[in-house]
Undergrad: 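This structure is in structure tokens; I'll ask about it shortly.
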Amino acid sequence: MEAIQKLAPHQQQAFMKEMEAMQTKDSLNMYNNLVMRCFDGCVTSFRSKSLDKSESSCVEHCASRYVKMTQRVGLRFAEHQAMQAAGQQ
Amino acid sequence: MEAIQKLAPHQQQAFMKEMEAMQTKDSLNMYNNLVMRCFDGCVTSFRSKSLDKSESSCVEHCASRYVKMTQRVGLRFAEHQAMQAAGQQ
Amino acid sequence: MEAIQKLAPHQQQAFMKEMEAMQTKDSLNMYNNLVMRCFDGCVTSFRSKSLDKSESSCVEHCASRYVKMTQRVGLRFAEHQAMQAAGQQ
Amino acid sequence: MSWLSGGQQQQGPDPVQAAKVEMEMYTDLFNKIASSCFTKCAARRHRDPDITLGEMTCTDRCVSKYLETQQRVGVILQKANEAQLEQQQNMAQMQQRLG
Amino acid sequence: MSWLSGGQQQQGPDPVQAAKVEMEMYTDLFNKIASSCFTKCAARRHRDPDITLGEMTCTDRCVSKYLETQQRVGVILQKANEAQLEQQQNMAQMQQRLG
Amino acid sequence: MSWLSGGQQQQGPDPVQAAKVEMEMYTDLFNKIASSCFTKCAARRHRDPDITLGEMTCTDRCVSKYLETQQRVGVILQKANEAQLEQQQNMAQMQQRLG
């Protein structure tokens with residue numbers, strides 16, 4: 001994270017503003033990608049216009065497992081970044 | 001479409017300008033993605049440097065079917081958005 | 001490359017500045033995509049936390065072959081653009 | 001997209017930017033539906049340039065099932081967001097009491 | 001990319017932006033060719049760091065077939081664009097006559 | 001990302017932009033890890049809303065193997081960059097001598 005650490009205080013303020021906009025966009029992207037991934041994985045037949053019982057529980061389980069998985073990846077990822085940063089000092 | 005509906009008249013003008021730029025970019029992206037999808041789906045052998053008869057008709061049919069399909073998705077998508085908007089009033 | 005050829009001298013300077021930023025971003029994107037492609041292709045078992053001998057040589061070979069391949073595609077791509085540009089004059 | 005405003009109450013981004021992001025997301029959603037439904041309904045051997053009646057019906061149903069999926073996944077994400085927010089608030093209160 | 005200017009005659013975006021978008025599209029095209037041709041010509045077991053003669057020839061042919069595909073798909077999109085424009089114009093005239 | 005600064009010594013982009021690009025790349029890296037590891041560790045039949053102990057252990061190992069892969073690929077790219085730079089410098093010197 002060299003570029004971020006090198007920011008002067010007044011630049012950090014502008015950077016934070018950019019982060020807010022990026023976070024909103026990123027979570028919308030994650031939402032669109034998750035819908036596509038769970039739809040592609042769970043919905044394969046088109047005899048009717050609405051999801052049957054097993055398709056709806058499949059897409060809901062797929063979404064909730066993906067959220068839990070992403071939280072765990074977040075923890076491990078942060079640990080690795082911390083170890084790497086410590087390693088470099 | 002909450003954010004778009006909340007735009008004041010003078011903001012709508014700036015928004016339309018952004019839309020023009022976005023539409024150009026989006027149709028170029030659609031073009032690049034369609035070429036890749038039809039190439040991946042239709043071209044599998046590389047004994048010669050140019051497409052044979054069946055490969056060229058495959059990529060052309062793939063493109064024209066994708067265009068027709070996208071038009072139909074556009075109609076259904078607009079109907080759903082209208083129904084949803086009506087549902088919310 | 002019509003839009004680029006139509007640029008007036010002072011516009012070319014601004015364009016070059018944009019190119020620098022784009023090139024940095026593009027090579028970071030290529031790096032992230034290459035890591036994902038070689039990881040997906042080479043790493044399939046998770047009995048341990050680190051890559052075994054065959055996995056590490058697989059990801060390294062995958063990366064170095066992709067770099068060599070991209071260089072070759074660059075040459076052929078440039079030849080085709082040149083032929084097309086010559087064809088149009 | 002309303003599940004989003006819940007967590008991040010800030011002074012709010014510039015309205016034209018917010019409208020632009022919303023339009024980008026609708027375009028992305030539309031492109032994803034077209035891509036998924038083409039793969040599921042029409043991507044066999046491309047023998048002729050038209051789509052059959054069966055492929056048209058499949059497309060209509062695919063669009064409606066896709067949008068239903070989007071709606072259900074939105075509810076799951078909103079609940080997960082609220083659960084996470086609550087967890088953060090409990091932790092903050094706990095730290096105050098111990099602080 | 002000339003098939004594009006047909007439909008959208010507007011006062012025209014700022015030239016530097018237009019050149020930037022064009023460069024982004026060429027870069028995206030290049031990355032897609034490299035990715036498709038790597039998958040089709042060289043993505044087997046990565047036993048050594050070099051690409052074989054056969055993989056090089058495959059790559060050359062893959063680039064030229066990809067660009068031919070791009071050209072043919074461009075013609076199809078241009079025809080579809082023109083057909084759609086005509087349809088819109090007919091509808092507009094019809095509405096005027098009935099209006 | 002340090003392998004990057006080697007080749008392109010320019011007056012340097014605006015620091016806030018550089019920090020933004022760096023954050024975008026970390027977010028992209030994180031999203032790719034989550035996506036790859038979900039596919040490899042948890043994408044079977046979604047019978048219930050939770051991830052099993054086995055899937056959690058698989059995820060932890062997947063993250064660490066992914067980051068090791070990123071590190072090894074970075075070294076390969078840095079070497080390729082340096083080799084290319086050297087090649088360009090040799091060619092430039094050769095042209096001067098022949099010039």
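Predicted model only: the values in this text are computed from it and were never measured. Chain letters run A, B, ... following the sequence lines, proteins first, then strands; residues in each count from 1.
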Undergrad: May I ask you to check whether the SG atoms of D:C58 and D:C41 are separated by less than 2.5 Å?
TA: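 Yes.
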Undergrad: Please, which pairs that meet salt bridge (Lys or Arg N to Asp or Glu O under 4.0 Å) have at least one residue in residues 80-91 of chain D, sequence neighbours excluded?
TA: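 Pairs touching residues 80-91 of chain D that pass the test: none.
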Undergrad: Shorter than 4.5 Å, heavy atoms on both sides: which option in A:M36, A:Q71, A:K68 has the most such pairs with chain D?
TA: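 Winner by heavy-atom pair count: A:M36.
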Undergrad: Please flag which part of A:V59 lies under 4.5 Å from any non-hydrogen atom of chain D: side chain, backbone, both or neither.
TA: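 Both the backbone and the side chain of A:V59 come within 4.5 Å of chain D.
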Undergrad: Using a 4.5 angstrom heavy-atom cutoff, name the option from A:S64, A:S45, A:S50 with the most pairs to chain D.
TA: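 Looking at each of A:S64, A:S45, A:S50 in turn, A:S50 comes out on top.
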Undergrad: Using only the SG atoms, decide whether A:C38 and A:C62 are less than 2.5 Å apart.
TA: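 Judged by the SG atoms alone, which are under 2.5 Å apart, A:C62 and A:C38 are bridged.
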Undergrad: Scan residues 53-78 of chain A for pairs that pass ring-ring contact (aromatic ring centres under 6.0 Å, His included), counting only residues two or more places apart or in two chains.
TA: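 Applying ring-ring contact (aromatic ring centres under 6.0 Å, His included) to every pair that reaches into residues 53-78 of chain A, excluding sequence neighbours, yields A:Y66-F:F38, A:F77-F:F30.
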Undergrad: Tell me, side chain or backbone of D:E24 under 4.5 Å from chain A's heavy atoms, or both, or neither?
TA: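 Looking at D:E24, just its side chain touches chain A.
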Undergrad: Rounded to the nearest 0.5 Å, how far apart are CD of D:Q70 and CG of D:L29?
TA: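 These two atoms lie 5.0 Å from each other.
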Undergrad: Can you tell me how far CE of A:M22 sits from CZ of A:F15, rounded to the nearest 0.5 angstrom?
TA: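 Result: 7.0 Å between the selected atoms.
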Undergrad: Partners of D:K32 by salt bridge (charged side-chain N to carboxylate O under 4.0 Å, His left out), sequence neighbours excluded?
TA: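 Salt bridge (charged side-chain N to carboxylate O under 4.0 Å, His left out) list for D:K32, sorted by chain: D:D28.
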Undergrad: Output the option from A:N33, A:N29, A:D40, A:V67 having the highest count of non-hydrogen pairs under 4.5 Å with chain D.
TA: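 The option with the most such pairs is A:D40.
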Undergrad: Can you name the closest pair of heavy atoms from A:L7 and A:Q12 and give their distance?
TA: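 For A:L7 versus A:Q12, the nearest heavy atoms are O-NE2, 3.2 Å.
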Undergrad: How would you list, in number order, the residues of residues 59-68 of chain D that have a heavy atom less than 4.5 Å from chain A?
TA: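 D:R61, D:C62, D:S64, D:K65, D:Y66, D:E68, listed by number.
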